[in-house]
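Working notes, beginning with the structure itself.
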Amino acid sequence: MEVAAGSDVGVWQRQQSDAHLIEQFAPNVTLLAVADGFGLVGRGTPTAVAAVTLLREYLKRRQRGGAFGRSVTPSYLRTLLLGALDHTNARVYAQSGASEDFVGSGTSITAVLVVGYQAFVAHVGDARAYLVRLGHAESLTADDALFDDPAIASRKMVAPPKPRMRGLLWRTLGTQTKLEASIADIELMSGDELVLCTDGVHRRVEAPEVERALKGAASAGAAVEEILARARARDNVENGTVVVARGL
């Protein structure tokens, strides 16, 4: 599997609040994740960074206990990934200072655990995952937003537009004591590609453009650069992060 990732701060942002993760636990086991957070936890760590770090550490510990052995079942792997997100949510919530009356910090996160030709997709918030098969991009996630902020037109603006109110998220990691993440699993085919991205990308770059970027790219890294360039050309005002996995 060829995997690449990249991020762009955006026109109006001074700091990066996104994070991503690419971790290979075994030759046929890879974890991909993107997160888009707000606030800080612990000793000033961005919430998205803390979330992907905690997710990785949890699965690393389970790996050492044989979690990815040959006899594991799809049901077990689904439970494992949900357990990793539950653990991450509890740790972030405890460090964020959140309560019933106050939300200290939180993050959207989409994680894809690829085991052989199976992919397990866990999601909360408005980070997305796409499956690109035979040149067609299909969304594997649905945004947990009460309303959507429509994308800016594709033409170059004379001056960068100021940030609009983002879609109100009704579910994020770290803002509640118990997390009920969405999870799905898919059977991968040879030649499939996976794209994970935060809203700074998918609000500016639509699925058909993702398809064209992958089709015209010689490598996963080139595809990442092309997708980020398209978002930047639309005066993207959000942090934007994208992960591309090819050769599944």
Side-chain angles (χ1 to χ4, degrees), residues 3 5-7 15-26 29-68 72 76-100 102-115 119-129 140-141 143-144 169-185 194 196-200 239-243 245:
V3 187
S7 294
Q15 297 180 341
Q16 178 60 264
S17 60
D18 286 0
H20 68 270
L21 174 66
I22 301 170
E23 182 74 23
Q24 186 170 13
F25 295 107
V29 181
T30 303
L31 177 68
L32 312 171
V34 293
D36 175 12
F38 61 92
L40 304 172
V41 297
R43 298 180 179 179
T45 302
T47 308
V49 174
V52 298
T53 301
L54 288 165
L55 186 68
R56 175 188 178 275
E57 290 175 349
Y58 179 92
L59 290 173
K60 269 288 190 183
R61 289 194 297 271
R62 299 302 298 269
Q63 177 198 21
R64 290 192 288 270
F68 301 114
V72 296
Y76 171 82
L77 292 170
R78 286 169 59 95
T79 301
L80 176 66
L81 187 53
L82 283 175
L85 284 178
D86 283 342
H87 168 81
T88 300
N89 178 76
R91 291 287 301 277
V92 170
Y93 183 85
Q95 296 178 43
S96 70
S99 66
E100 292 183 359
F102 173 73
V103 175
S105 59
T107 186
S108 295
I109 187 167
T110 293
V112 181
L113 180 64
V114 180
V115 182
F120 301 85
V121 185
H123 162 80
V124 57
D126 63 357
R128 291 183 184 176
L140 300 176
T141 58
D143 297 348
D144 296 329
L169 300 181
W170 57 268
R171 182 172 63 169
T172 51
L173 184 146
T175 56
Q176 52 211 14
T177 56
K178 178 64 176 176
L179 181 70
E180 294 183 359
S182 299
I183 190 162
D185 57 89
L194 291 170
L196 282 66
C197 60
T198 60
D199 69 337
N239 294 160
T241 299
V242 61
V243 174

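It should be emphasised that the depicted structure is a prediction, and the values quoted were computed from it without experimental measurement.
- Annotation for R128 and V34: closest pair O-CG2, 4.5 Å, computed over non-hydrogen atoms.
- Side-chain N or O atoms of H123 include one that pairs as donor or acceptor with a backbone N or O of A127 at under 3.5 Å.
- Atom CD in E180 sits 13.0 Å away from atom CG in L85 (nearest 0.5 Å).
- Between the CG atom of L173 and the CD1 atom of I109 there is a distance of 6.0 Å, given to the nearest 0.5 Å.
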Worked check of side chain to side chain contact (heavy atoms under 4.5 Å, CB included) between V121 and T141
CA-CA 8 Å; V121 185; T141 58; 4.0 Å; yes
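- Among residues two or more places apart in sequence or in another chain, the ring pair (Phe, Tyr, Trp, His ring centres under 6.0 Å) test is passed with H20 by none.
- Contact record, L32 with V243: CD2-CG1, 4.4 Å, taken as the closest heavy-atom pair.
- Here the CG-CG distance, from L21 to L31, works out to 5.0 Å after rounding to the nearest 0.5 Å.
- Between D18 and S7, the side chains place no donor N or O within less than 3.5 Å of an acceptor N or O (distance only, hydrogens not considered).
- Screening V41, L40, T45 against Q95 for a side-chain contact (heavy atoms from CB on, under 4.5 Å) leaves a single residue, V41.
- The CG atom of L59 lies 7.0 Å from the CG atom of L81; values are rounded to the nearest 0.5 Å.
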Before giving the answer on salt bridge (charged side-chain N to carboxylate O under 4.0 Å, His left out), spell out for K178 and D86 the whole-Å C-alpha distance, their side-chain angles and the decisive distance to 0.1 Å.
CA-CA 7 Å; K178 178 64 176 176; D86 283 342; 3.7 Å; yes
Could you walk me through whether L169 and D126 pass the side chain to side chain contact (heavy atoms under 4.5 Å, CB included) test, one step at a time?
CA-CA 8 Å; L169 300 181; D126 63 357; 3.8 Å; yes
Start with the C-alpha distance between L194 and V114, add both sets of side-chain angles, then the distance that settles side chain to side chain contact (heavy atoms under 4.5 Å, CB included), and finish with yes or no.
CA-CA 10 Å; L194 291 170; V114 180; 3.9 Å; yes
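- Across all non-hydrogen atoms, the minimal contact from L82 to A181 is CD2-O, 4.0 Å.
- Atom CZ of R64 sits about 7.5 Å away from atom CZ of R61, to the nearest 0.5 Å.
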Stepwise side chain to side chain contact (heavy atoms under 4.5 Å, CB included) check, L179 with V124:
CA-CA 9 Å; L179 181 70; V124 57; 3.9 Å; yes
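- In this structure a side-chain-to-backbone donor-acceptor pair under 3.5 Å is present from N89 to Q176.
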Using distance only, find each side-chain donor-acceptor pair of residues 47-57 under 3.5 Å and give its atom names and separation, not counting sequence neighbours.
unit_1: T47; atom_1: OG1; unit_2: F38; atom_2: O; d: 3.0
unit_1: T47; atom_1: OG1; unit_2: G39; atom_2: O; d: 2.9
unit_1: T53; atom_1: OG1; unit_2: V49; atom_2: O; d: 2.8
unit_1: R56; atom_1: NE; unit_2: E23; atom_2: OE1; d: 2.9

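- Between the CZ atom of F68 and the CG atom of L80 there is a distance of 5.0 Å, given to the nearest 0.5 Å.
- Taking all atoms of both residues into account, the shortest heavy-atom contact from A35 to T107 is CB-OG1, 3.6 Å.
- With sequence neighbours excluded, the residues forming a side-chain hydrogen bond (donor to acceptor under 3.5 Å, both in side chains) with R78 are D185, listed by chain and number.
- In terms of modelled atom types and a separation under 3.5 Å, the side chain of T175 and the main chain of T172 share a donor-acceptor contact.
- Within 6.0 Å of CZ in R91 there are 12 or fewer heavy atoms belonging to other residues, nucleotides or ligands.
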